[in-house]
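Accompanying notes for the structure given below.
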Amino acid sequence: MIKTIAGTKDTLPFEISKWQYFENFVEEVMSRFNYKEIRTPVFEETSLFARGIGESTDIVSKEMYTFLDRSQTSITLRPEMTASVMRSVLEHSLDKQQQLNKLYYISSMFRQERPQAGRLRQFNQFGAEAIGLEDPLLDAEMIIIAYDILKGLGLNSLEVKINSLGVPSSRENYKKLLRMYLDDKKGGLSEESKKRLDSNILRIFDSKIESDQKIMENAPLLLEHLDDGSLEKFETVKSYLLKAGVPFEIDPRLVRGLDYYTHTTFEIISRNVGSQSALCGGGRYDLLASEIGDRLIPAVGFAAGMERILLACENENCLVIPEDEVGVYIVRLNNDLYNETYNFALQLRRNSVKAELDYSRKSVKAQMREANKINARKTILFGGDEYTNNEIVIKDMKSGVQEKIGLSDIEKIISIIED
RNA sequence: GUGGGUAUAGCUCAGUUGGUUAGAGCGUCUGGUUGUGGCCCAGAAGGUCAAGGGUUCAAAUCCCUUUACUCACCCCA
């Protein structure tokens with residue numbers, strides 16, 4: 001038997017309504033902030049991600065689904081959306097048509113990692129990007145939108161963490177300081193962290209290994225060595241968040257794994273999922289446009305993992321979706337009216353009524369059971385004496401009350417069904 | 001890539017120290033009189049006990065291998 005590939009999942013009919021609810025909610029909030037949806041291809045030229053995200057990152061170096069197509073072009077299934085969105089903005093010169101492009105997406109991403117709780121190889125993210133301006137208000141807005149959506153779904157145990165990475169020049173100075181600090185201590189670092197000394201020294205802060213953490217405990221912090229301009233921006237972001245009522249904590253160790261971040265970085269985590277607790281992450285990436293394009297475009301954005309959010313929702317018992325129901329179930333009283341019953345149901349369906357009926361010549365009892373099972377608000381008994389009198393019986397499934405109506409009086413039938 | 005755990009019906013799981021035709025609940029289908037649901041009752045269908053090998057008179061049960069799933073590390077959403 002052929003099964004789904006490891007790390008991929010079917011979304012089955014019984015769980016689809018919660019996804020639709022979730023997606024609609026995201027769309028609604030995004031549209032209130034006047035963000036426009038953007039859709040880009042699921043696969044791109046590999047170099048877009050290699051250059052955009054950074055060769056040394058884990059995503060690019062070991063997690064991408066990359067393959068050669070029939071014309072020997074290296075293709076990659078997108079592991080994230082930001083690089084694609086920026087590519088699209090550059091390619092279509094959206095940045096020249098208006099100063100600020102506020103965009104959002106809800107799409108599948110692909111990363112070849114070992115699956116576990118809250119981590120799939122094909123997973124869904126929603127996210128937003130505000131491209132074209134460097135006002136810190138937009139940094140704050142990203143956090144506000146993400147927070148409002150998670151909160152709006154009913155999640156409570158959220159922690160918002162923020163940090164600033166400053167600009168490249170102050171960061172380079174700081175890296176020198178950090179390198180000096182680590183110079184006589186690097187023997188005690190883990191193998192993984194030693195590699196990062198050269199590739200991405202900031203990420204050593206991310207290490208969960210105790211000995212590494214001990215060494216990093218007294219390391220100088222980037223936040224304490226930001227240039228004045230960066231510091232001021234960070235302060236501004238914080239003040240906006242305060243005024244917006246978004247609780248946050250500053251986490252100087254929040255450095256994020258992607259190369260393109262500058263200034264603000266943030267993450268929203270939940271204690272109510274497995275070890276993969278980051279529901280949402282993002283930040284400012286003023287350098288990305290120039291990495292993959294020919295000009296500088298300041299931008300800020302975030303991405304949120306939808307499976308993880310739904311996990312958190314399940315564990316917190318929020319997001320209560322109303323049960324599916326059907327307007328009316330047509331019960332066929334005699335099987336010689338098989339086709340007439342169908343046409344009657346069809347007439348209702350073509351008049352926007354959600355109607356169901358039996359397709360297998362079941363007994364009346366079995367049809368009634370079915371009507372009950374699928375939550376039909378009304379049933380219509382079709383056939384028998386009433387049929388010869390050009391009537392049907394309509395029954396309210398909650399009260400059990402039933403009445404006769406003229407078969408051709410569709411208007412009235414519909415109004416009773418919808419009542 | 002590295003560890004740990006699990007694998008019995010569509011689903012959730014029982015299955016004694018190896019011992020006859022492998023069980024339950026839920027779900028599915030049928031029925032509980034003539035044309036009526038929920039609750040209840042009765043019956044039926046449904047299993048190569050993940051796969052392959054070994055030990056044994058005898059294996060779902062013990063041993064080995066493989067595969068799948070799962071959790072965690074790494075990292076990220």
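We name chains A, B, ... by the order of the sequence lines, and we start the count at 1 in each one.
For A:Leu150 and B:rA77, the CG to P distance is 14 Å, given to the nearest whole Å. At whole-Å resolution of the value, NZ in A:Lys3 and C1' in B:rC69 are 7 Å apart. When rounded to the nearest whole Å, the span between CD of A:Glu63 and C1' of B:rA77 equals 11 Å. Computed from coordinates, the A:Lys395 NZ to B:rU36 C1' distance equals 5 Å when rounded to whole Å. Distance, A:Leu333 CG to B:rG37 P: 13 Å, rounded to whole Å. A:Met368 has its CE atom 15 Å from the C1' atom of B:rC39, to the nearest Å. In this entry the distance linking NZ of A:Lys404 with P of B:rU36 reads 15 Å, nearest Å. B:rG35 atom P lies 19 Å from atom CD1 of A:Ile392, rounded to whole Å.
Counting non-hydrogen atoms under 4.0 angstrom, A:Gly127 reaches nothing in the nucleic acid. Contacts of A:Ala6 with the nucleic acid, taken as non-hydrogen atoms under 4.0 Å apart, involve only primed sugar atoms and P, OP1 or OP2. A:Gly274 comes within 4.0 angstrom of the backbone, heavy atoms only, and of no base. In this structure, A:Gln402 reaches the bases: a heavy-atom distance under 4.0 Å links it to at least one base atom across the strands shown. Note on A:Ile268: nothing from the nucleic acid sits closer than 4.0 angstrom, heavy atoms only. Nucleic acid contact for A:Leu279: sugar-phosphate only, since backbone atoms but no base atoms lie under 4.0 Å from a heavy atom of the residue. Looking at heavy-atom distances under 4.0 Å, A:Glu307 makes no contact with the nucleic acid at all.
Applying the 4.0 Å criterion to OP1 and OP2 of B:rC73, one finds that A:Ser275 has a side-chain N or O inside that range. Using a 4.0 Å cut-off, some side-chain N or O of A:Gln276 falls inside it from OP1 or OP2 of B:rC73. Residue A:Ser363 places none of its side-chain N or O atoms closer than 4.0 Å to OP1 or OP2 of B:rG35. The side chain of A:Gln116 contributes an N or O atom lying less than 4.0 Å from OP1 or OP2 of B:rA72.
Set against B:rU36, B:rG38, B:rA77, the side chain of A:Gln125 has B:rA77 as its closest nucleotide. For A:Lys62, the listed nucleotide lying nearest its side chain is B:rC74; candidates were B:rG32, B:rC74, B:rU36. Which of B:rG37, B:rA77, B:rG35 sits closest to the side chain of A:Val393 comes down to B:rG35. Of the candidates B:rC73, B:rG31, B:rC74, B:rG31 carries the atom nearest the A:Arg369 side chain, counting heavy atoms from C-beta on. Across B:rC71, B:rG35, B:rC74, the shortest atom-to-atom separation from the side chain of A:Ala117 is found for B:rC71. Among the nucleotides B:rA68, B:rC29, B:rU36, the one closest to any side-chain atom of A:Lys362 is B:rC29. Here the nucleotide nearest the side chain of A:Asp385, chosen from B:rA77, B:rC73, B:rG35, is B:rG35.
Of the possible polar contacts, one joining the A:Arg78 side chain to the A:Pro41 backbone as a donor-acceptor pair under 3.5 Å is found. The main-chain N or O of A:Val326 is never found under 3.5 Å from a side-chain atom of A:Asn375 such that the two would form a donor-acceptor pair. No donor-acceptor distance shorter than 3.5 angstrom exists from the side chain of A:Arg332 to the backbone of A:Tyr338, with no hydrogens or angles considered.
Comparing the P positions of B:rC26 and B:rC40 gives a spacing of 8 Å, expressed to the nearest Å. The C1' atoms of B:rA9 and B:rC71 are separated by 26 Å, rounded to the nearest whole Å. Using atom P as the reference point in both B:rA24 and B:rG18, the two lie 25 Å apart (nearest Å). Between B:rA42 and B:rG52, the distance separating the two P atoms is 38 Å to the nearest Å. Remark: the separation of the C1' atoms in B:rU17 and B:rC73 is 39 Å, to the nearest Å. Of the P atoms belonging to B:rU56 and B:rG27, the separation is 47 Å, rounded to the nearest Å. With P as the reference atom, B:rA7 and B:rC62 are 10 Å apart, rounded to whole Å. Atom name P, nucleotides B:rC41 and B:rG4: the rounded distance is 48 Å, in whole Å.
Put simply, the residue from A:Glu44, A:His92, A:Glu45 that forms a side chain to side chain donor-acceptor pair (under 3.5 Å) with A:Arg87 is A:Glu44.
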Can you pull every protein N or O that's under 3.5 Å from an N or O on nucleotides 25-28 of chain B?
| unit_1 | atom_1 | unit_2 | atom_2 | d |
| --- | --- | --- | --- | --- |
| B:rU28 | OP1 | A:Lys373 | NZ | 3.4 |

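The aromatic rings of A:Tyr260 and A:Tyr285 lie tilted to each other, with the angle between the two planes from 30° to 60°. Using cut-offs of 30° and 60° for the angle between ring planes, the A:Tyr387 and A:Phe382 rings count as tilted. Relative ring orientation between A:Trp19 and A:Phe22 is described as tilted, the plane-to-plane angle lying within the 30° to 60° band.
Under the 4.0 Å criterion applied to side-chain N and carboxylate O atoms, A:Glu113 and A:Arg119 are assigned as salt-bridge partners. The pair A:Glu172-A:Lys176 does not meet the salt-bridge criterion, since no charged nitrogen lies less than 4.0 angstrom from a carboxylate oxygen.
Remark: B:rG35 base-pairs with no nucleotide; criterion is Watson-Crick or G-U wobble with both hydrogen-bond distances under 3.5 Å. With a cut-off of 3.5 Å on both Watson-Crick or G-U wobble distances, the partner of B:rC29 is given as B:rG43. The base-pairing partner of B:rA60, taking Watson-Crick or G-U wobble contacts with both distances under 3.5 Å, does not exist among the strands shown. Applying the Watson-Crick and G-U wobble criteria (two distances, each under 3.5 Å), B:rA7 pairs with B:rU67. Across all strands shown, B:rU17 has no partner, as no Watson-Crick or G-U wobble contact with both distances under 3.5 Å is found.
You won't find any donor-acceptor pair under 3.5 Å spanning the side chain of A:Lys365 and the base of B:rU36, going by distance alone. A donor-acceptor contact under 3.5 angstrom links the side-chain atoms of A:Glu386 to the base of B:rG35.
The shortest distance between side-chain heavy atoms of A:Leu48 and A:Thr76 does not fall below 4.5 Å. Side-chain contact between A:Ser107 and A:Arg39 is absent, with no heavy-atom pair separated by less than 4.5 Å. At a threshold of 4.5 Å between non-hydrogen side-chain atoms, the residues A:Met397 and A:Thr379 count as touching.
Remark: nothing in residues 11-23 of chain A comes within less than 4.0 Å of RNA chain B through any heavy atom.
A:Ser108 and A:Gln122 are linked by a side-chain donor-acceptor pair at a separation below 3.5 angstrom, with hydrogens and angles left out of the test.
Both the sub-6.0 Å distance and the 45° axial angle are not jointly satisfied by A:Arg121 relative to the ring of A:Tyr65.
Projected onto RNA chain B by closest heavy-atom contact, A:Gly384 and A:Ile59 fall at different nucleotides, the more 5' of which corresponds to A:Gly384. When each of A:Ala376 and A:Ala366 is assigned the nucleotide of RNA chain B with its nearest heavy atom, A:Ala366 is the one assigned upstream, toward the 5' end.
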